[in-house]
Amino acid sequence: MVQRVAILGSTGSIGTQTLKIVEQFRDKFSVCALATGNNISLLEEQARIFKPEVVSVNNEKQANVLKRNLADLPIKVLAGADGLKELSAWPGADVVVVAVVGFSGVIPTLTAIRSGKKVALANKETLVAAGELIMAEARRHNTVIMPIDSEHAAIFQCLHAANRGGELKQVILTASGGPFIGKNRDELANVTAKQALRHPNWLMGPRITIDSATMMNKGFEVIEAYHLFDLNKTQIQAVVHPESIVHSMVEFVDGSIVAQLGLPDMLLPIQYALSYPDRWPNPFPRFDWGKSHMLHFLPIVPGEFPCLDMAFQALQVGGTLPAVLNGADEIAVRHFLEDRISFLKIPALLAEVMSRHKVKQHPSLEEIVDADRWSREETETLINH
Ligand code: NDP
Ligand code: MG
């Protein structure tokens with residue numbers, strides 16, 4: 001059966017790699033919808049190759065330019081949050097790949113679930129901000145959410161391989177540690193955005209790359225894992241593994257550990273999210289068993305990574321607090337990328353915004369959207385004063 005795919009965020013790191021998978025398995029996929037933010041020239045290129053029925057861009061002005069440029073093709077052009085929402089419910093789509101960055105993933109994911117689509121989810125912010133709501137809705141609609149995040153793809157595979165969820169002791173998320181592993185506070189005080197963007201193992205979009213340098217990314221992944229795998233809050237641990245070969249592990253009650261390994265290459269988890277329950281052979285680079293390899297695992301000491309500690313705290317408290325942590329982080333990272341605040345200011349801002357928030361438990365979508373907005377405004381205010 002040919003799967004009809006909608007890709008939200010098709011011009012980004014995950015989006016372009018998803019299109020590589022589609023190209024590699026031309027007989028298994030067709031692309032029916034593509035959505036992006038601002039990169040309309042790349043979107044036009046993609047539209048000419050993959051011939052979707054519909055595309056969506058950030059605003060009306062860009063949509064008008066694109067309409068003119070694509071006038072020779074029968075492609076509908078939409079814009080803004082409404083366009084993104086319409087694409088998530090596109091009748092021609094079987095699977096929606098959510099690869100936009102940030103809070104903007106929440107409503108499209110919810111819409112795709114409510115429209116009965118299979119969801120391949122890269123956008124972890126959706127589960128950080130609205131995990132309880134999203135997972136409840138997925139259960140109600142019997143929706144399969146396939147994780148694209150490599151750690152969660154690994155845990156999914158380990159759990160399926162072992163097939164005995166009830167005997168699970170804990171999941172262990174591996175973290176490369178990012179570009180600054182081993183640096184002390186003094187050394188971190190003056191690191192620049194340019195240095196933080198040089199990740200040793202992964203080439204990703206700017207937000208997640210900075211989040212990897214602060215370890216906020218691992219913190220978000222802890223919350224993501226909690227929701228995806230219906231864990232209890234004490235069942236998630238993180239460990240530094242600089243080589244990024246073991247993508248994560250699950251440990252059972254008897255002490256046995258199952259791990260998933262592979263090269264650090266997002267093509268693999270993207271492919272598996274789309275091929276599950278099958279596996280398809282591919283020509284991608286492979287782990288070389290003809291060479292010797294060293295794999296290292298380093299414990300994480302509490303206090304070592306403040307952003308990771310804050311994510312555990314947000315998970316513990318729950319309610320709107322994780323959405324607030326994500327909203328504040330989106331703003332803080334943007335200011336750091338524009339060289340307006342220092343690297344160490346990021347955790348300081350997050351801690352301050354979290355401490356000012358009045359948490360609401362079991363929030364509705366509106367309350368989550370409000371908490372996100374409040375958190376962004378609060379962070380902007382703290383930066384500007
Ligand atoms: P990028 O910054 O590379 O790409 C983001 C994509 O989203 C772009 O296509 C961008 O469009 C689009 N976009 C941004 N805002 C909007 C919006 N409001 N409406 C529509 N489209 C929008 O990010 P990544 O691909 O690195 O990450 C995407 C998601 O996947 C993130 O949530 C990240 O945490 C997660 N993830 C990424 C991994 C990776 O290896 N990259 C690994 C694991 C998870 P444009 O560029 O045209 O403006
Ligand atoms: Mg990850």
Side-chain angles (χ1 to χ4, degrees), residues 6-20 33-47 55-59 62-63 66 78-88 96-109 111 119-129 146-156 173-178 197 199 201-212 215-225 228 238 241 244 246-248 260 263-270 273 326 329-330 333-334 337:
I7 304 171
L8 313 184
S10 66
T11 49
S13 162
I14 294 290
T16 49
Q17 294 183 84
T18 305
L19 285 170
K20 269 194 197 147
L34 296 172
T36 67
N38 299 312
N39 192 348
I40 58 170
S41 55
L42 179 54
L43 177 60
E44 183 186 341
E45 246 175 68
Q46 294 176 340
V55 296
S56 181
V57 293
N58 213 2
N59 59 43
Q62 290 160 327
L66 195 62
L78 303 172
D82 288 346
L84 204 56
K85 198 171 165 189
E86 194 170 332
L87 255 68
S88 326
V96 178
V97 178
V98 186
V100 293
V101 58
F103 190 79
S104 60
V106 171
I107 289 176
T109 305
T111 308
V119 174
L121 187 64
N123 180 275
K124 67 192 76 189
E125 296 91 335
T126 290
L127 288 176
V128 172
M146 287 301 296
I148 285 182
D149 211 348
S150 55
E151 293 78 1
H152 306 77
I155 293 168
F156 184 95
L173 295 169
T174 51
S176 70
L197 283 171
H199 195 282
N201 303 347
W202 301 96
L203 191 60
M204 311 179 284
R207 160 94 192 278
I208 184 174
T209 307
I210 301 304
D211 282 345
S212 299
M215 286 289 254
M216 188 74 264
N217 181 51
K218 208 48 54 187
F220 287 157
E221 291 182 353
V222 167
I223 303 174
E224 184 185 11
L228 271 175
H241 167 49
S244 296
V246 174
H247 295 306
S248 279
Q260 189 261 341
L263 291 183
D265 181 348
M266 287 308 294
L267 289 174
L268 239 71
I270 296 171
N326 174 65
D329 184 66
E330 282 198 47
V333 167
R334 201 179 70 221
L337 282 168

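Residue numbers run from 1 in the order of the sequence given. We count ligands from 1, going down the list as the structure has it; atoms in each ligand are counted the same way. Any value given below was found using the heavy atoms of this structure, including those in side chains, with hydrogens, waters and symmetry copies removed. Just so you know, these numbers come straight off a predicted model, no measurement behind them.
Ligand 1 has no nitrogen or oxygen under 3.5 angstrom from a nitrogen or oxygen of Ala35. No N or O atom of Ser150 sits closer than 3.5 Å to an N or O atom of ligand 1. Distances between N or O atoms of Glu125 and those of ligand 1 include at least one value under 3.5 Å. The N/O atoms of Asp149, backbone and side chain alike, include none that comes under 3.5 Å of an N/O atom in ligand 1. Where the criterion is an N or O separation shorter than 3.5 Å, residue side chain and backbone included, Gln17 fails it with respect to ligand 1. Checked by distance only, ligand 1 and Trp202 stay at 3.5 Å or farther apart across all their nitrogen or oxygen atoms.
The N, O or S atom of Asp149 with the smallest distance to the Mg ion (ligand 2) is OD1. Per residue Glu151, closest N, O or S atom to the Mg ion (ligand 2): atom name OE1. For Glu221, the N, O or S atom with the smallest separation from the Mg ion (ligand 2) is OE2.
Listed here is the closest heavy atom pair of Met204 and Ser13: CA-OG, 3.8 Å.
Contacts with ligand 1 closer than 4.0 Å are made by no heavy atom of Arg207, backbone or side chain. Proximity of Met266 to ligand 1, defined as any heavy-atom pair under 4.0 Å, is confined to the side chain (atoms from C-beta onward). Of the heavy atoms in Ile208, only side-chain atoms (C-beta onward) come closer than 4.0 Å to ligand 1.
Residues Leu337 and Leu197 meet the side-chain proximity criterion, which asks for heavy atoms closer than 4.5 Å.
Considering only non-hydrogen protein atoms, atom 45 (P) of ligand 1 sits nearest to Thr11 OG1, 3.3 Å. Shortest contact from atom 19 (N) of ligand 1 to any protein heavy atom: Leu84 CD2, 3.7 Å.
Atom 41 (N) of ligand 1 has its nearest heavy-atom neighbour, among Gly102, Gly15, Ser13, in Ser13. Which of Thr126, Val128, Ile7, Ile14 comes nearest to atom 38 (C) of ligand 1 through a heavy atom is settled by distance: it is Ile14.
Donor-acceptor pairing under 3.5 Å is lacking for the side chains of Thr36 and Asn39.
At a 4.0 Å cut-off, at least one heavy atom of Ala99 sits close enough to ligand 1 to count as contact.
Which parts of ligand 1 touch Asn39 is read off a 4.0 Å heavy-atom cut-off, strictly below it: atoms 45 (P), 47 (O), 48 (O).
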